[in-house]
Peer 1: 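One structure follows; several queries about it will come next.
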Amino acid sequence: MRKFTGDKLILASHNAGKLREISELLAPFGITISSAAEHGLEEPDETEDTFAGNARLKAHFAAQATGLPALSDDSGITVEALDGAPGVYTADWAETPNGRDFPMAMEKVWTLLEAKRALLPRNAAFHCTLCLAWPDGHDEVFEGRVDGQVVWPMRGQNGFGFDPVFLPNGEVETFGEMDPARKHRMSHRTDAFTKLVQGCFG
Ligand SMILES: O=P(O)(O)OP(=O)(O)OP(=O)(O)OC[C@H]1O[C@@H](n2cnc3c(O)ncnc32)[C@H](O)[C@@H]1O
Ligand SMILES: [Mg+2]
């Protein structure tokens with residue numbers, strides 16, 4: 001496993017919610033971070049059908065373009081009664097001609113579950129795959145998850161994406177209602193990040 005020894009890191013994501021969370025997780029490490037957008041990078045097409053595949057694609061794209069190590073995050077929600085959908089396509093389910101509409105995507109998930117008369121609880125998991133890639137083509141990949149259920153109606157204004165309908169196991173608040181610090185204690189992103197720290201920052 002390769003250690004991260006530099007002092008600069010590109011965050012290869014265009015998602016403001018992820019950038020906020022990953023910046024908070026990286027804060028103790030004294031690394032100078034900058035986002036893909038600050039480097040004027042385009043969003044590469046996410047053509048792979050796995051979280052790891054798309055995470056690698058995004059991290060290598062940014063590392064090659066900038067000559068600096070890059071950290072990407074590919075994530076999404078899998079719903080058991082929908083055979084794992086939307087999964088890798090979580091962001092795609094929110095696409096409209098006028099940009100992403102997550103309330104619409106969450107409603108689509110709930111409508112499909114209702115149509116199937118899916119049993120309660122409607123088990124789901126958030127997944128996060130982090131990829132740290134270096135400009136010489138080397139990479140390290142870490143996967144995290146948190147289990148819970150999809151609930152309806154949407155609850156809370158915190159977080160981003162599918163947070164208002166995700167109730168983690170053993171909790172009473174959705175990720176959308178939860179204080180961000182509490183989400184950090186249990187999230188799929190934190191799970192993957194802990195493994196990244198053990199592997200590359202230890
Ligand atoms: O690819 P980048 O630029 O990083 O940003 P993205 O938003 O397109 O990200 P993904 O391709 O990984 O799509 C994953 C989607 O899953 C959702 N998602 C991921 N993590 C989440 C979290 O912690 N809370 C709520 N939704 C999340 C979120 O809406 C994302 O848009
Ligand atoms: Mg994306």
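Whatever order the structure lists ligands and atoms in, that order sets their numbers, starting from 1.
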Peer 1: Minimum heavy-atom separation for Ala12 to Ala59, with atom names?
Peer 2: CB-CA, 4.3 Å

Peer 1: Ser187: heavy atom below 4.0 Å from ligand 1, yes or no?
Peer 2: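 Ser187: no contact with ligand 1 (<4.0 Å).
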
Peer 1: Tell me: protein heavy atom nearest atom 19 (C) of ligand 1, and distance?
Peer 2: Ser75 OG, 3.1 Å

Peer 1: Is there a polar contact, in the sense of an N or O pair closer than 3.5 Å, between Glu21 and ligand 1?
Peer 2: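 Checking ligand 1 against Glu21, no N or O pair falls under 3.5 Å apart.
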
Peer 1: Do me a favour and list the nearest non-hydrogen protein atom to atom 30 (C) of ligand 1 with residue, atom name and distance?
Peer 2: Asn15 ND2, 4.0 Å

Peer 1: Between Lys18 and Asp74, does at least one N-O distance fall below 4.0 Å, as a salt bridge requires?
Peer 2: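 Here Lys18 does not pair with Asp74 in a salt bridge, since their nearest N and O are not under 4.0 Å apart.
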
Peer 1: Can any side-chain N or O of Asn158 pair as donor or acceptor with the backbone N or O of Met178 at less than 3.5 Å?
Peer 2: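 Checking the backbone N and O of Met178 against the side chain of Asn158, a donor-acceptor pair under 3.5 Å is found.
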
Peer 1: I'd like to check which ligand 1 atoms, numbered from 1 as shown, lie under 4.0 Å from a non-hydrogen atom of His188.
Peer 2: 20 (N), 21 (C), 22 (C), 23 (O)

Peer 1: Return the option from Arg189, Lys58, Arg100 holding the heavy atom at the smallest distance from atom 7 (O) of ligand 1.
Peer 2: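 Shortest heavy-atom distance from atom 7 (O) of ligand 1: Arg100.
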
Peer 1: Atom 16 (O) of ligand 1: which protein heavy atom is closest, and how many Å away?
Peer 2: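 Ranking protein heavy atoms by distance from atom 16 (O) of ligand 1, first comes Thr90 CG2, 3.3 Å.
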
Peer 1: Counting only heavy atoms, tell me which of Phe162, Phe166, Phe175 gets closest to atom 26 (N) of ligand 1.
Peer 2: Phe162

Peer 1: Which label fits Phe175 and Phe166: parallel for a plane angle under 30°, tilted from 30 to 60°, or perpendicular past 60°?
Peer 2: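 Tilted: the ring planes of Phe175 and Phe166 meet at 30° to 60°.
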
Peer 1: Counting each atom of ligand 1 from 1 as listed, which ones have a heavy atom of Lys18 under 4.0 Å away?
Peer 2: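 Those of ligand 1 that fall under 4.0 Å from Lys18 are 1 (O), 2 (P), 4 (O), 5 (O), 6 (P), 9 (O), 10 (P), 12 (O).
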
Peer 1: Nearest protein heavy-atom contact for atom 11 (O) of ligand 1: which residue, which atom, what distance?
Peer 2: Glu46 OE1, 2.9 Å

Peer 1: So if I count the atoms of ligand 1 from 1 in the order they appear, which ones are less than 4.0 Å from some heavy atom of Ser13?
Peer 2: 2 (P), 3 (O), 4 (O), 5 (O)

Peer 1: Among the N/O/S atoms of Glu46, select the one at the shortest distance from the Mg ion (ligand 2) and name it.
Peer 2: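 Looking only at N, O and S atoms of Glu46, the one nearest the Mg ion (ligand 2) is named OE2.
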
Peer 1: Using a strict cut-off of 4.0 Å, indicate which atoms of ligand 1 neighbour a heavy atom of Asp73.
Peer 2: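 Contacts of ligand 1 toward Asp73, numbered from 1: 4 (O), 12 (O).
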
Peer 1: Number the atoms of ligand 1 from 1 as they appear, then name those within less than 4.0 Å of a heavy atom of Asp74, with their elements.
Peer 2: 10 (P), 11 (O), 12 (O)

Peer 1: Does any non-hydrogen side-chain atom of Lys8 lie less than 4.5 Å from one of Ile31?
Peer 2: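 A side-chain contact under 4.5 Å is absent here.
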
Peer 1: Output yes when Glu21 and Lys183 qualify as a salt bridge under the 4.0 Å nitrogen-oxygen rule, no when they do not.
Peer 2: yes

Peer 1: For Glu80, give me all partners under side chain to side chain contact (heavy atoms under 4.5 Å, CB included), at least two apart in sequence or on another chain.
Peer 2: Asn123

Peer 1: Would you say Phe102 touches ligand 1, if touching means a heavy atom closer than 4.0 Å?
Peer 2: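 Yes, Phe102 has a heavy atom closer than 4.0 Å to ligand 1.
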
Peer 1: Are the side chain of Thr174 and the backbone of Arg155 linked by a donor-acceptor contact shorter than 3.5 Å?
Peer 2: yes

Peer 1: Quick one: side chains of residues 93-114, donor-acceptor pairs under 3.5 Å with protein atoms, not counting sequence neighbours, listed by atom name and distance.
Peer 2:
| residue | atom | partner | partner atom | Å |
| --- | --- | --- | --- | --- |
| Glu95 | OE2 | Arg100 | NE | 2.9 |
| Thr96 | OG1 | Asn98 | N | 3.0 |
| Thr96 | OG1 | Gly99 | N | 3.3 |
| Thr96 | OG1 | Gly99 | O | 2.6 |
| Asp101 | OD1 | Met104 | N | 3.0 |
| Thr111 | OG1 | Glu107 | O | 2.7 |
| Glu114 | OE2 | Arg122 | NH1 | 2.6 |
| Glu114 | OE2 | Arg122 | NH2 | 3.2 |

Peer 1: With atoms numbered from 1 as shown, which atoms in ligand 1 lie under 4.0 angstrom from a non-hydrogen atom of Lys183?
Peer 2: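 Going through ligand 1 atom by atom, the ones under 4.0 Å from Lys183 are 22 (C), 23 (O), 24 (N).
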
Peer 1: For ligand 1, which atoms sit closer than 4.0 Å to a heavy atom of His14?
Peer 2: 2 (P), 3 (O)

Peer 1: Taking NZ, NE, NH1 and NH2 as the nitrogens, is one of them in Glu140 or Arg2 under 4.0 Å from a carboxylate oxygen of the other?
Peer 2: no

Peer 1: Set out, in order, the CA-CA distance, both residues' side-chain angles and the distance that settles salt bridge (Lys or Arg N to Asp or Glu O under 4.0 Å) for Arg189 and Asp73, then state yes or no.
Peer 2: CA-CA 8 Å; Arg189 191 155 290 108; Asp73 167 317; 2.5 Å; yes

Peer 1: Among all the protein's non-hydrogen atoms, which is closest to atom 13 (O) of ligand 1, and how far away is it?
Peer 2: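 Sorting protein heavy atoms by distance from atom 13 (O) of ligand 1 puts Ala91 CB, 3.4 Å first.
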
